[in-house]
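Order of the sequence lines sets the chain letters (A, B, ...), proteins ahead of strands, with each chain counted from 1.
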Protein chains: 2
Amino acid sequence: MSNLETVFESIIHFALKDPRQTKLGRSIVKNGIYMIAELGFEEMNFKKLGKAIGSPEASIYRYFENKHKFLLYIMAMYWGMIDQHCEKIIHSNNGHEEKIYSTLDLLCTSPDIPFGNVKIPGEVIYAVVIGESVKTFMTKHVDADNHHGAFRTLKSTTSHLAELLSEYSPDYPFPKALASTIIEMSLYQRYFSEHLPSMTDIGKHQSIVDDLKLWIIGLLRATRITPGEDSQILRISL
Amino acid sequence: MSNLETVFESIIHFALKDPRQTKLGRSIVKNGIYMIAELGFEEMNFKKLGKAIGSPEASIYRYFENKHKFLLYIMAMYWGMIDQHCEKIIHSNNGHEEKIYSTLDLLCTSPDIPFGNVKIPGEVIYAVVIGESVKTFMTKHVDADNHHGAFRTLKSTTSHLAELLSEYSPDYPFPKALASTIIEMSLYQRYFSEHLPSMTDIGKHQSIVDDLKLWIIGLLRATRITPGEDSQILRISL
DNA sequence: CTGTTTTTGATAGCAATACTATCAAATAAT
DNA sequence: ATTATTTGATAGTATTGCTATCAAAAACAG
């Protein structure tokens, strides 16, 4: 059983029936992602999606209980893919610094996602992740969704990055916080550079991706606490 | 004219008529904030709010065009207050390091907000900010809202912090990105510590606020680029 | 304190959204 | 060829987000 299958198995229960197995299912997922990328999650709905793929709304409800579960499915799939790449990097023979840099590369440029016999382009799914990822967990039912495993792949990716950061700086007390910050902020800074440019400098020195990586690598310095500075920081802050 | 008035004047156009001037208006804003804190933005609506304050839905629509503008109003008010405190800190006679620390304090613990003759407790508005702030700008109409000044106070706060960071480390190339990261992530890490605890270490060593401040102060190290390390980073990343 | 303007309450209604139900036609599995 | 499963077509319901109307209440002005 390939790793790819493992990813899809772990997300299958967010759907009512496996969309990868049928033409309609694949069409729903692929076109749904395109539609969210184009209209945004709020303005997308199953009626419009049905019209776009030439099927009635009701047929889509046979695959996904509701819009929110559809988003959970897509995001869990995305982070599952990223997490799988992450594991490949971790189990490689490179040094841990190089592993970190490869992971940052992965977080700044999305791979394509193979979905049954169709392919979802990295740029399209990445656009959806940038704009909608936060909407999966900033809800009143986050705890219930979490309990059902909705964020397992996102949390796993965070843990993997946190472990790499711990190897890099074993004494740093906030590896998970820095990992989640890097993951979330690599999305946010891109969003800011497009929509609220005064909130970032990313993309103003060189290309967005290059600036982003340089900025994140700078953040790694936060993990390097020298004894003298540390005591000064502690004195002032606490 | 006090600074407080300036804040409210700058947000008044997100309402149809000034809610501070009437009993009903104040009741809408105060109870609306409480209701969002309790139910979340998605589950709150003007019908429920009307019931809670004993007024018909239609009366609320006389103050706010819709739910989203109501949220914009609240958030612009919050960041306006924070920004005003920020300016006070900047114009104080302290050194720039102390100014930064005061600002971080401000970002980790919300002040109460005086609203006409009622007061909105810091913890209540802060709970709303943590869970809903991102929903003001992660929308398809972000550019239109931005154009109408919806994020002026948030952007101003970011700029103020970025300026302090620039004073602290004049050569650091990403002061705005770090400022927006500190602002957004001080909210996120709190959210994570409550709902997705495996994504953070904040609150696991000491109190949430102490951990948060210590963690943010560690991030400031990202601004300190020594020539040797810098060249190594540049070589690897680009 | 009287007449006028503004604000509120009460109710009704409408278009869109998020689903659910039903049943026949098409497709796939045995 | 028969049976089971999937899809299409259509209809319908409850809720949401918002608008319209008009009389009662409150605020205000002379």
Separation of [X] atom [atom1] from [N] atom [atom2], in whole Å?
X	N	atom1	atom2	value
A/H68	C/dT17	NE2	C1'	17 Å
A/L24	C/dT27	CG	P	13 Å
B/N66	D/dC18	CG	C1'	9 Å
A/K51	C/dA16	NZ	C1'	13 Å
B/K69	D/dC18	NZ	P	10 Å
B/Y61	C/dA10	OH	P	18 Å
A/N45	D/dT15	CG	P	19 Å
A/K67	C/dT20	NZ	C1'	18 Å

Describe the nucleic acid contact of [X] in one word from base, sugar-phosphate, nothing, applying a heavy-atom distance below 4.0 Å.
X	value
B/K17	sugar-phosphate
B/E57	base
A/K47	nothing
B/F64	nothing

By nearest-nucleotide position on DNA chain C, the 5'-leaning member of A/E43 and B/Y63 is B/Y63
DNA chain C nearest-nucleotide lookup for B/I53 and A/F46: closer to the 5′ end is B/I53
Quickly, which of B/V128, B/T136, B/L71 forms a side chain to side chain contact (heavy atoms under 4.5 Å, CB included) with B/F41? Name it, please.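 The residue from B/V128, B/T136, B/L71 that satisfies side chain to side chain contact (heavy atoms under 4.5 Å, CB included) with B/F41 turns out to be B/L71.
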Closest listed nucleotide, where the reference is the side chain of [X] and the choices are [options]:
X	options	value
A/A58	D/dT16, C/dT8, C/dA21	C/dA21
B/R62	D/dC18, C/dG9, D/dT19	C/dG9
B/P56	D/dG8, C/dA10, C/dT8	C/dA10

Query - Centroid separation B/F70 to B/F64 less than 6.0 Å - result: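 B/F70 vs B/F64: aromatic centres under 6.0 Å.
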(message) In this structure, is the centre-to-centre distance between the rings of A/H205 and B/F174 below 6.0 Å?
(response)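 Centroid separation for B/F174 and A/H205: below 6.0 Å.
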query: Should B/E184 and A/E184 count as side-chain neighbours, where that means a heavy-atom distance under 4.5 Å?
result: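 B/E184 does not reach A/E184 side chain to side chain.
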inquiry  = Is there a side-chain contact between B/S59 and the phosphate of C/dG9, meaning an N or O under 4.0 Å from OP1 or OP2?
reply    =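 Checking B/S59 against C/dG9: at least one side-chain N or O falls below 4.0 Å of OP1 or OP2.
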Side-chain N or O of A/S55 less than 4.0 angstrom from OP1 or OP2 on D/dT7?
no
side-chain contact (heavy atoms from CB on, under 4.5 Å) filter on A/E87, not counting sequence neighbours, yields A/D83, A/H91, A/H160
